[in-house]
Amino acid sequence: MAAPESGDGNNGAARMVTLISSDNTRFEVEAAAASLSQTLQLTILDGGGGGGDGIPLPNVDSATLSKVLEYCIKHAPAAANGGAPNATAVDRAELERFDNEFVNIDQSVLYSLIMAAHNLEIEGLQSLVAKKVADMIKGKSPMEIRRTLGFPDPTPEEQAEMNAHMLEYGWAYE
Amino acid sequence: MALSRPRCPSPPPPALMLDELVEGILLRLHPDEPAYLVHAALVCKSWRRILSDAGFRRRYIDLHRSPPLLGYIHNIYQSRTCSPRFVSSSATASPFSPPTTINSWGALDCRHGRVLIHNKLRLVVWDPVTDD
């Protein structure tokens with residue numbers, strides 16, 4: 001991650017903040033990008049995370065934080081424009097292309113992102129990863145959904161209950 | 001924030017143990033295919049509970065704005081009798097079909113998910129969802 005001198009917006013340099021992952025890796029990132037996180041926004045507004053201090057994120061490891069920040073950096077300019085009402089169709093198409101590619105990842109990474117987006121309260125990312133999981137399960141039977149998402153095999157009781165409900169809602173399977 | 005107590009005997013992966021995370025996913029199942037929600041409801045007890053919650057219903061409507069068009073009622077005229085049929089707009093088979101006892105009835109109008117049907121003598125309001 002590029003790491004220009006920390007500043008307070010002087011000389012046109014964007015203010016930088018440091019985030020520290022659970023495995024003690026330091027990430028220097030523009031305050032505007034980190035502020036996409038509602039959790040971090042107040043701390044950053046209060047002047048936290050600058051200079052030698054960093055904001056510790058004990059629930060997010062470095063691999064996940066790196067991925068989260070990739071999202072934040074890409075989306076920060078549009079967010080700064082208040083949801084980008086003036087964004088051109090090209091800008092929007094580019095963000096959409098980025099988003100589609102961004103969630104084209106291993107399921108374990110996707111799950112880590114779900115937790116991180118939730119803990120850091122990054123609304124756009126929460127929505128993106130939730131939509132990805134919804135896309136993964138649409139059109140699948142309950143059993144296929146369980147397998148796709150990594151549920152263990154159902155207990156006999158759960159299986160019996162599932163079968164009974166499937167009889168009741170047979171129309172949904174025709 | 002505390003993790004929800006796992007209610008499924010066979011617990012889901014950790015990322016799917018918080019109700020609000022599961023709800024976020026289920027809210028994004030598209031309403032044009034109601035069968036998706038039925039399938040999701042059968043995955044496990046906690047998903048069923050989330051989906052049947054009034055708050056979920058409210059947020060689902062807020063997110064998707066208008067209720068989905070599941071289909072329309074079409075009057076079929078055959079041998080001088082008329083009977084309404086439900087024509088599904090979804091790929092999924094429709095659970096709705098007018099009771100067979102209402103042959104020679106025609107559908108007049110639909111409002112708020114209910115159908116006004118009539119013959120020469122009577123008017124009846126039919127709710128396709130509950131079949132009342």
Side-chain angles (χ1 to χ4, degrees), chain A residues 39 59 64 107-123 125-174, chain B residues 1-4 6-52 59-60 63-64 70-71 86 88 90-97 128-129 131:
Chain A
T39 313
N59 295 325
T64 308
Q107 200 157 317
S108 59
V109 183
L110 184 65
Y111 281 171
S112 300
L113 278 178
I114 290 177
M115 298 296 280
H118 174 72
N119 288 329
L120 295 170
E121 293 179 74
I122 304 169
E123 204 182 324
L125 184 56
Q126 285 178 290
S127 174
L128 178 64
V129 289
K131 174 84 169 46
K132 170 69 178 179
V133 181
D135 285 345
M136 285 162 58
I137 63 177
K138 69 182 185 187
K140 290 195 164 76
S141 71
M143 200 57 200
E144 287 168 337
I145 293 174
R146 287 184 67 107
R147 286 199 194 106
T148 302
L149 298 185
F151 281 69
D153 285 340
T155 60
E157 292 76 25
E158 281 178 313
Q159 184 67 63
E161 200 172 349
M162 223 185 272
N163 293 344
H165 279 89
M166 281 171 77
L167 277 179
E168 188 178 346
Y169 295 101
W171 61 269
Y173 296 88
E174 287 168 23
Chain B
M1 189 161 309
L3 283 177
S4 302
R7 275 159 288 255
C8 297
S10 48
L16 301 177
M17 278 171 70
L18 269 179
D19 280 1
E20 52 189 300
L21 295 184
V22 174
E23 180 177 305
I25 293 163
L26 300 180
L27 279 172
R28 286 166 179 85
L29 286 172
H30 207 276
D32 282 351
E33 284 296 345
Y36 293 169
L37 289 173
V38 177
H39 292 193
L42 303 187
V43 165
C44 70
K45 269 187 183 157
S46 63
W47 283 33
R48 198 141 57 243
R49 184 177 37 74
I50 292 167
L51 282 163
S52 51
R59 287 184 282 278
Y60 194 75
L63 186 68
H64 298 283
L70 299 181
F86 182 82
S88 174
S90 142
T92 314
S94 161
F96 310 130
S97 56
V129 176
D131 204 18

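Note that these values count all heavy atoms, side chains included, but never hydrogens, waters or copies made by symmetry. Numbered from 1 within each chain, the chains take letters A, B, ... in sequence-line order.
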Visitor: Would you mind checking which part of A/Glu161 comes under 4.5 Å of any heavy atom in chain B, side chain (CB onward), backbone (N, CA, C, O), both or neither?
Guide: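 It is the side chain, since no backbone atom gets that close.
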Visitor: At their closest point, which heavy atom of A/Arg146 faces which heavy atom of B/Val43, and how far apart are they?
Guide: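 Nearest pair, atom of A/Arg146 first, then B/Val43: NH1-O, 2.9 Å.
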Visitor: Got a second to check how far B/Ile25's CD1 is from A/Asp135's CG, nearest 0.5 Å?
Guide: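 Interatomic distance, B/Ile25 CD1 to A/Asp135 CG, rounded to 0.5 Å: 11.0 Å.
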Visitor: What part of A/Ser127 lies closer than 4.5 angstrom to a heavy atom of chain B: side chain, backbone, both or neither?
Guide: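 For A/Ser127, heavy atoms of backbone and side chain both lie under 4.5 Å from chain B.
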Visitor: Output the distance between atom CZ (B/Arg28) and atom NZ (A/Lys132), rounded to the nearest 0.5 Å.
Guide: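 It comes to 15.0 Å.
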Visitor: For A/Ala130 versus B/Gly24, what's the shortest heavy-atom pair and its separation?
Guide: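 Heavy-atom minimum between the residues: CB-O, 3.5 Å.
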Visitor: Looking at A/Leu110, A/Asn119, A/Leu149, which one has more heavy-atom pairs under 4.5 Å with chain B than the rest?
Guide: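 Max contact count across the listed options: A/Leu149.
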Visitor: For B/Leu21, is it the side chain, the backbone, both, or neither that has a heavy atom closer than 4.5 Å to a heavy atom of chain A?
Guide: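 The answer is the side chain of B/Leu21.
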Visitor: Which heavy atom of B/Tyr36 sits nearest a heavy atom of A/Gly139, and at what distance?
Guide: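 Shortest heavy-atom contact: CE2-N, 3.1 Å.
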Visitor: Any side-chain heavy atom of A/Glu144 sitting closer than 4.5 Å to one from B/His39?
Guide: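 Counting from C-beta outward, A/Glu144 and B/His39 never come under 4.5 Å.
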Visitor: For the atom pair NZ (A/Lys131) and CG (B/Leu29), what is the distance rounded to the nearest 0.5 Å?
Guide: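 Rounded to the nearest 0.5 Å, the NZ-CG separation comes to 10.0 Å.
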Visitor: State, yes or no, whether a side-chain contact exists between B/Leu42 and A/Ile145 at a heavy-atom distance under 4.5 Å.
Guide: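 The answer is no; the side chains never approach within 4.5 Å.
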